[in-house]
Amino acid sequence: MKKYVLSIDQGTTSSRAILFDHSGTIIGVKQQEIATYYPHLGWVEQDPHEILRSVMESIHLLLSDCAVRADEIASIGIANQRETTVIWNKKNGQPIYRAVVWQSKQSNDLCRQWIDQDISEAVKRKTGLIIDSYFSASKISWIIDHVPGARDLADNGELLFGTIDTWLIWNLSGGIHVTDYSNASRSMIFNIHELEWDDELLELFHIPRSLLPEVRPSSEVYGHANIHGCFIPIASAIGDQQAALFGQTCFQEGDVKNTYGTGCFLLMNTGGRVVHSKHGLLSTIAWGIDGKVEYALEGSVFIAGSAIQWLRDGLQVIESAEHSETAARQVESSEGVYVVPAFVGLGAPYWDMQAKGAMFGLTRGTTKEHIVRATLESLAYQTKDIVIAMEEDSNIALNSLKVDGGATRNDLLLQFQSDILDIPVERQVIMETTALGAAYLAGLAVKFWDHREQIAGNRTIDKLYSSLMSEGRRAELYSGWKQSVNSTMGWKVRTTNE
Ligand SMILES: Nc1ncnc2c1ncn2[C@@H]1O[C@H](COP(=O)(O)OP(=O)(O)O)[C@@H](O)[C@H]1O
Ligand SMILES: O=P(O)(O)OC[C@H](O)CO
């Protein structure tokens, strides 16, 4: 009798393996943080082998700690950090370069050349995306052109490309090369209307088709993983942000969630419609299931929880991410200090690859606690920028915001989020919403669950935050943010190794 679904949440900060039972309750979690390398300013890389190892070790530790046998697991679901690009040799399975992380900026120049070719409109129409080094296309081209000999290998069909879902499935299944619609829709070479890799874009970006995985629904059996001699179906793959949308049971058109992890991602389900944004949001595929795809409108913020990691590891003003809350509570407000964490440019709604981070409003009385508080507040301001764009694009006024992700453990942040948006913010009991979404999709594929309605009732609210701020104060604070963020844009000073 199968009792559990095993979910893998391979995020930018860490890999997690989580077991869920039939009621969607967590039975156990194992987590391993993964190293990130910054070889030049703006470059962000990870080791594909370490990513794989962290996933495998988390699975083995989880099963032994929970005393669960592999044959009790119905299926495995994978949610992954999106866009992060791995290219490996088909014959020996060795990556030819580190994983180029979604935040990484080494292909900025390539993107500028593409923008100059006047193809932005065509790219947006076909892929729903804005030309930016965030997406996989320029990362693929950059790796092929920078690793000696890679172009020849690529032209001879000897290399494979994958986002992290593909890399994990290829290794877990013994060589099946697939991805799902949601991940493909983040590549900037996938036509989200025709549901095909786009030959015209592949030619423009010099990407051979032979590198690309087969694109499949987000909920179906792709292959089997050998865990302790037992072959378990790998039955879902989905980008982590879309997984969180599914995990929050945002199944209806107009349903919205915001995830505060390494970055911050607000998604609205737009059903069977591709909604093209006029305010810098992305049109993307939410998932493929039941023989069709559903779409979403997305606002992507590049730096959210990673600004808290910067306070911890870079500035060293806090000991841990949790400590950010204690430190911020030492002061009553940020007293006019703003931190704009545009460390890798700005995503939605600004899309400025050149913006650089900055602090504003410093005085002789500014303390590190003000800076910590202002950094936390920057997550909420960036979210407000996206909410405004989303409301204008969709013509739907949000009356509450469902939230999840690592940083939503922070009560001060969520209270400030509600204050600055002036709508209630809802945190559900299961904060591992991303893993839950992948688990649901993997469970649906093998009939562990029968249909979406069966799981829609599983969602329970843990805490509701309501605004306590006056309208005048809200307007004053937000206008300070807008002034600050605008000042970081188009920053012309380049560092020597950019
Ligand atoms: N209590 C907290 N307050 C603020 N930020 C936090 C807190 N706990 C974790 N974080 C941030 O959340 C991020 C981790 O969240 P997670 O959802 O696991 O991210 P990912 O999926 O990107 O790996 C880290 O960047 C960390 O700095
Ligand atoms: O690692 P996360 O959870 O912040 O997610 C990263 C996103 O998928 C990048 O698009």
Side-chain angles (χ1 to χ4, degrees), residues 8-16 18 29 31-34 36 44 46 51 54-55 58 79-85 99-104 129 132-136 139 163-165 182-183 185-188 238-245 247 257-267 282 284 296 298-314 318-329 341 343-344 347-348 372-373 375-380 403-417 427 431-438:
I8 297 166
D9 176 4
Q10 204 304 300
T12 320
T13 309
S14 70
S15 299
R16 281 192 283 267
I18 304 183
V29 183
Q31 175 168 10
Q32 278 194 18
E33 196 153 320
I34 47 178
T36 301
V44 188
Q46 292 181 337
I51 291 176
S54 65
V55 166
S58 301
N80 58 289
Q81 54 168 314
R82 307 165 305 167
E83 301 97 13
T84 297
T85 296
V100 177
V101 173
W102 56 277
Q103 290 173 322
S104 202
L129 307 178
D132 194 276
S133 51
Y134 172 29
F135 306 107
S136 308
K139 300 181 195 292
T163 36
I164 299 300
D165 54 321
S182 71
N183 276 293
S185 74
R186 315 297 298 182
S187 62
M188 221 172 80
I238 180 159
D240 56 5
Q241 301 311 323
Q242 289 92 331
L245 191 69
K257 69 86 203 180
N258 194 27
T259 302
Y260 303 69
T262 309
C264 202
F265 301 89
L266 196 138
L267 271 74
L282 307 171
T284 204
E298 169 172 328
S300 327
V301 169
F302 295 153
I303 303 284
S306 56
I308 311 304
Q309 289 170 271
W310 166 74
L311 292 175
R312 184 192 66 184
D313 306 333
I318 52 171
E319 286 149 26
S320 63
E322 300 74 63
H323 182 220
S324 64
E325 180 163 357
T326 337
R329 285 196 190 281
F343 303 149
V344 291
V372 172
R373 192 166 180 128
T375 306
L376 278 170
E377 289 173 354
S378 74
L379 276 60
V403 300
D404 53 66
T408 59
R409 290 191 188 88
N410 194 309
D411 285 319
L412 181 133
L413 166 65
L414 295 192
Q415 182 57 53
F416 187 75
Q417 185 67 85
R427 182 172 68 194
M431 275 195 249
E432 302 287 356
T433 320
T434 299
L436 183 61

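No hydrogens, no waters, no symmetry mates; every other heavy atom, side chains included, goes into these values. This is a predicted model, so every value here is computed, not measured. Atoms within each ligand, like the ligands themselves, are counted from 1 in listed order. Residues take their numbers from the sequence shown, with the count starting at 1.
Near Gln309, the atoms of ligand 1 lying under 4.0 angstrom from a non-hydrogen atom of the residue are 24 (C), 25 (O), 27 (O). Heavy-atom proximity to Ser306, at under 4.0 Å, picks out these atoms of ligand 1: 25 (O). Listed by number with element, the atoms of ligand 1 under 4.0 angstrom from any heavy atom of Gly11 are 21 (O), 23 (O). The contact set between ligand 1 and Thr262, taken as ligand atoms under 4.0 Å from a residue heavy atom, comprises 19 (O), 20 (P), 22 (O), 23 (O). For ligand 1 and Ser14, the ligand atoms under 4.0 Å from any heavy atom of the residue are 23 (O).
Annotation: side-chain hydrogen bond (donor to acceptor under 3.5 Å, both in side chains) contacts of Thr434 (sequence neighbours excluded): none. The salt bridge (Lys or Arg N to Asp or Glu O under 4.0 Å) search around Glu33 returns Arg312, not counting sequence neighbours.
Note: no N/O pair closer than 3.5 Å links Leu376 and ligand 1 by distance alone. Residue-to-ligand polar distances place Asn410 within reach of ligand 1: an N/O pair is separated by less than 3.5 Å. Looking at ligand 1, you'll find an N or O of Thr13 within less than 3.5 Å of one of its N or O atoms. Considering backbone and side-chain N/O of Gln31, none are found under 3.5 Å from N/O of ligand 1. For ligand 1, one of its N or O atoms has an N or O atom of Gly305 under 3.5 Å away.
Between the side chain of Thr84 and the backbone N or O of Trp102, at least one donor-acceptor pair lies under 3.5 Å. In this structure, Ser182 contributes its side chain and Gly239 its backbone to a donor-acceptor pair below 3.5 Å.
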Starting from the C-alpha separation in whole Å, work towards a yes-or-no answer on side chain to side chain donor-acceptor pair (under 3.5 Å) for Arg186 and Ser136. CA-CA 7 Å; Arg186 315 297 298 182; Ser136 308; over 6 Å; no
* Between Tyr134 and Arg82, is a side chain to side chain donor-acceptor pair (under 3.5 Å) present by the stated rule, with each step listed? -> CA-CA 10 Å; Tyr134 172 29; Arg82 307 165 305 167; 3.2 Å; yes
- Query: Does the pair Lys257 and Thr433 meet the rule for a side-chain contact (heavy atoms from CB on, under 4.5 Å), with working shown?
  - Reply: CA-CA 10 Å; Lys257 69 86 203 180; Thr433 320; over 6 Å; no
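At a heavy-atom distance under 4.0 Å, no atom of Gln81 approaches ligand 1. The side chain of Ser324, and not its backbone, has at least one atom closer than 4.0 Å to an atom of ligand 1 (non-hydrogen atoms only; side chain from C-beta on).
Atom 6 (C) of ligand 1 has Ala407 CA, 3.5 Å as its closest protein atom, hydrogens excluded (heavy atom only). Closest to atom 17 (O) of ligand 1 among all protein heavy atoms lies Gly406 N, 2.9 Å. Closest protein heavy atom to atom 1 (N) of ligand 1: Glu322 CA, 3.6 Å. Protein heavy atom nearest atom 2 (C) of ligand 1, with residue, atom name and distance: Ala321 O, 3.6 Å.
Residues Leu379 and Gln417 come closest through the heavy atom pair O-OE1, 4.1 Å. Contact between Val101 and Gln46 at its shortest, heavy atoms only, is CG2-CG, 3.6 Å. Closest non-hydrogen pair, Ala327 versus Ile318, comes out as CB-CG2, 4.1 Å. A pairwise comparison of heavy atoms in Asn410 and Leu413 identifies OD1-N, 3.0 Å as the closest pair.
Residue Glu325 places every heavy atom at 4.0 Å or more from ligand 1. Heavy atoms of Arg312 stay at 4.0 angstrom or farther from ligand 1.
In this model, a donor atom of one side chain and an acceptor atom of the other lie less than 3.5 Å apart for Gln31 and Ser14.
The pair Asp411-Arg329 fails the salt-bridge criterion, with no side-chain N (NZ, NE, NH1 or NH2) lying under 4.0 Å from an Asp/Glu carboxylate O.
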Donor-acceptor pairs under 3.5 Å, side chain of residues 301-311 to any protein atom, not counting sequence neighbours: which ones?
from	atom 1	to	atom 2	distance (Å)
Ser306	OG	Gln103	NE2	3.4
Ser306	OG	Thr262	O	3.3

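For a heavy-atom separation below 4.0 Å, the residues in contact with ligand 2 are Gly11, Thr12, Gln81, Arg82, Glu83, Trp102, Tyr134, Asp240, Gln241, Gly261, Thr262, Gly263, Phe265.
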